[in-house]
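Read through the structure below, which is laid out as structure tokens, and then see the notes.
One-based numbering, in listed order, for ligands and for the atoms of each.
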Amino acid sequence: MPKPILLSVDDDSDVLRAIERDLRSQYGAEYRVMGSDSPETALDILKQLKVRNDSVALLLADQRMPRMDGVHFLQEAMRIYPDAKRALLTAYADTSAAISAINDVGINYFFLKPWDPPAERLYPQLDDLLDDWQASYRPAYEGIRVLGTRWSPRSYELRDFLARNHVPYQWIDVELTANDPDTKRLLDALGPDAPNLPIVLFPDGTKLLESLPAQVAQKVGLRTRAETNFYDLAIVGGGPAGLAAAVYGASEGLHTLMIEREAPGGQAGMSSHIDNYLGFPTGLSGADLARRAVVQARRFEVEILAPQEVAGVRIEGPYRILKLADASEISCHALLIATGVQWRRLEAPGIDRLQGAGIYYGGSATEAMSCKGEIVYVVGGANSAGQAAMNFSKYADKVVLLVRGNSLSTMSKYLDDQIQKTRNIQVWTHASVAEVHGESHLQEISVLCSDTNKVERVPATAIFIFIGALPQTGWLGDLVQRDPRGFILTGPDLMRNGERPEGWTLDRDPFLLETNVPGIFAVGDVRHGSVKRVASGVGEGSVAVQFIHQYLSKV
Ligand SMILES: Cc1cc2nc3c(=O)[nH]c(=O)nc-3n(C[C@H](O)[C@H](O)[C@H](O)COP(=O)(O)OP(=O)(O)OC[C@H]3O[C@@H](n4cnc5c(N)ncnc54)[C@H](O)[C@@H]3O)c2cc1C
């Protein structure tokens, strides 16, 4: 924990050195002693300290300074650090100014120069002031702070990114806390930078304005560049299937790289509660599962690049070469595609404009907590929508589940039962979103009721959309065969009337999870015919490694 600061200001550098020396010898173990020979510079220092979230315990200023006297400096400094103890250093002739300052502007004490011996004329009084300050001192938050507004899509994207990558941070909503004196002081200290939201403040005093996830990723040490350019096994996608393959591959001696576009965990990382994963009788959150898997993968020395996107792939003899979004390339012998699926977009006027400002795909834990006391709409009738509704019901006043059909028949029975028993969840059947309304953020939605053919307009602050999924295979070009919906064909699904796929050159059939290109495998939700579940993704990721070994033994 950084030490609280004692700041002294004196334009006479000999006096400044002397006071710093005396402060340091008595208080250096517990406090950081700083000094400045100009009140203007000292105010700038205080602003920087405020932005860093450092604590200031004492301000000690000489009364007679050109341009700004000590009383004036302390008045200005109080605006930045109102709780710091304030003391003046005065010559005998200035004592009446010092006494009126005690009365008029709340200065705590004045010391006469010279203060020798300090043990009698400085320390006892300072001990008193500092004891007093310590009594109400609460150490400030030391980690990353993010300033933004709830309705800003960029703030949402950044917070979601930090949460999914398990980077702890303190969120400061500058609109919600606009009247909070501490927020005001922080914004004042930021000066002309303050409007450039979202702002990320780091404990080392640096800041990122209008910050993007990739910039923050670099600053917090998330790795986006590979250590070398060749791997035995490269895995694209860090959901459950990719993570399982990474753990099995690396634990069995393969030099393994996993590349993930957003955050390890994939869709499962967004799940508030996975009830049906083996070995966790009371369930666990997707974020917890992802965190555990990442720790395990790192223990086996899997190299994880996140956030980093794979933009293309090509074949050169035995090498499979991946092109990354930053234009760098990585080659490997075996490639595993585990890119899963992404939420289908909802087509309705206003949806795209308000995305991130009340309209969300999937349901992140970050947003769930912001919905305290509100009415939340969840669109979709399958398990993911049901789980989200259950999660939001813990925070929101009311959750309305908008379902196109006449029941929750596509949802697992246990979830349907839980929903029916949850007092603040309403299931609105025959309902679909016709339009969404709001200027800077969502305020109302129009719901088309297919049974009455009427449109109802209702107030809403947040809609979470779970309406099916699209496979993430666009980056593959024409390289691997897919079904008409874009899901990747593997193993037996590639065989036509007992014939191997076109262009297949090996004297064996494609392995169970192998695509029509030898050495390129596909697992999890992105694979045609897979069971779209965490356990099946994990199973496929693990099993694929056995086929990868067989493939590598003949490369
Ligand atoms: C809200 C919710 C709740 C769920 N609840 C459950 C549950 O309770 N039980 C259960 O068994 N299943 C549940 N599921 C389903 C389960 O999460 C999925 O079946 C599982 O996550 C699929 O794993 P995957 O690894 O195949 O793909 P995904 O989890 O989709 O992961 C794919 C990853 O690939 C990354 N990616 C995509 N393209 C690229 C690229 N070009 N470059 C780099 N990376 C890329 C994506 O960012 C993503 O992280 C739930 C799903 C959701 C959304």
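Evaluated by nearest non-hydrogen atom to atom 53 (C) of ligand 1, the leading choice among Phe466, Trp343, Tyr361 is Trp343. The closest non-hydrogen atom to atom 48 (C) of ligand 1, taken over Lys532, Glu262, Glu260, comes from Glu260.
In this structure, Asp326 pairs ionically with Arg225, as a charged nitrogen and a carboxylate oxygen lie closer than 4.0 Å. Electrostatic pairing of Lys219 and Asp204 counts as a salt bridge here, judged by a charged N lying under 4.0 Å from a carboxylate O. Taking 4.0 Å as the cut-off between side-chain N and carboxylate O, Glu456 and Lys454 do not count as a salt-bridged pair. Look at Asp416 and Lys413 and you find no salt bridge, because none of the NZ, NE, NH1 or NH2 atoms lies under 4.0 Å from a carboxylate O.
For ligand 1, the polar-atom distance check finds no N/O of Val526 at less than 3.5 Å from any of the ligand's N/O atoms. For ligand 1, none of its N or O atoms has an N or O atom of Val236 under 3.5 Å away. Residue Ala535 places no N or O, backbone or side chain, under 3.5 Å from any N or O of ligand 1. An N or O contact shorter than 3.5 Å is missing between Gln472 and ligand 1 by distance. Considering backbone and side-chain N/O atoms, Arg164 never comes within less than 3.5 Å of an N/O atom of ligand 1.
For His273 (side chain) and Thr282 (main-chain N/O), a donor-acceptor pair under 3.5 Å exists by modelled atom type. In this structure a side-chain-to-backbone donor-acceptor pair under 3.5 Å is present from Glu540 to Gly524.
Heavy atoms of Ala338 found under 4.0 angstrom from ligand 1 belong exclusively to the backbone.
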- Evaluation steps, salt bridge (charged side-chain N to carboxylate O under 4.0 Å, His left out), between Arg164 and Glu260: CA-CA 12 Å; Arg164 292 181 61 192; Glu260 163 54 48; 5.6 Å; no

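Of all atoms in ligand 1, listed by their number and element, those nearer than 4.0 Å to a heavy atom of Val341 are 30 (O). Interface of Gln387 with ligand 1, defined as ligand atoms under 4.0 Å from a residue heavy atom, comprises 3 (C), 4 (C), 5 (N), 6 (C), 7 (C), 8 (O). Atoms of ligand 1 lying under 4.0 Å from any heavy atom of Gly524, numbered from 1 in the order shown and given with element: 26 (O). Contact atoms of ligand 1 toward Glu309: 41 (N), 42 (N) (distance under 4.0 Å to a heavy atom of the residue). Shown in contact with Gln308 at under 4.0 Å from a heavy atom are these atoms of ligand 1, numbered in order with element: 43 (C).
Ring centroid separation for the pair Phe511 and Tyr551 does not come in under the 6.0 Å cut-off.
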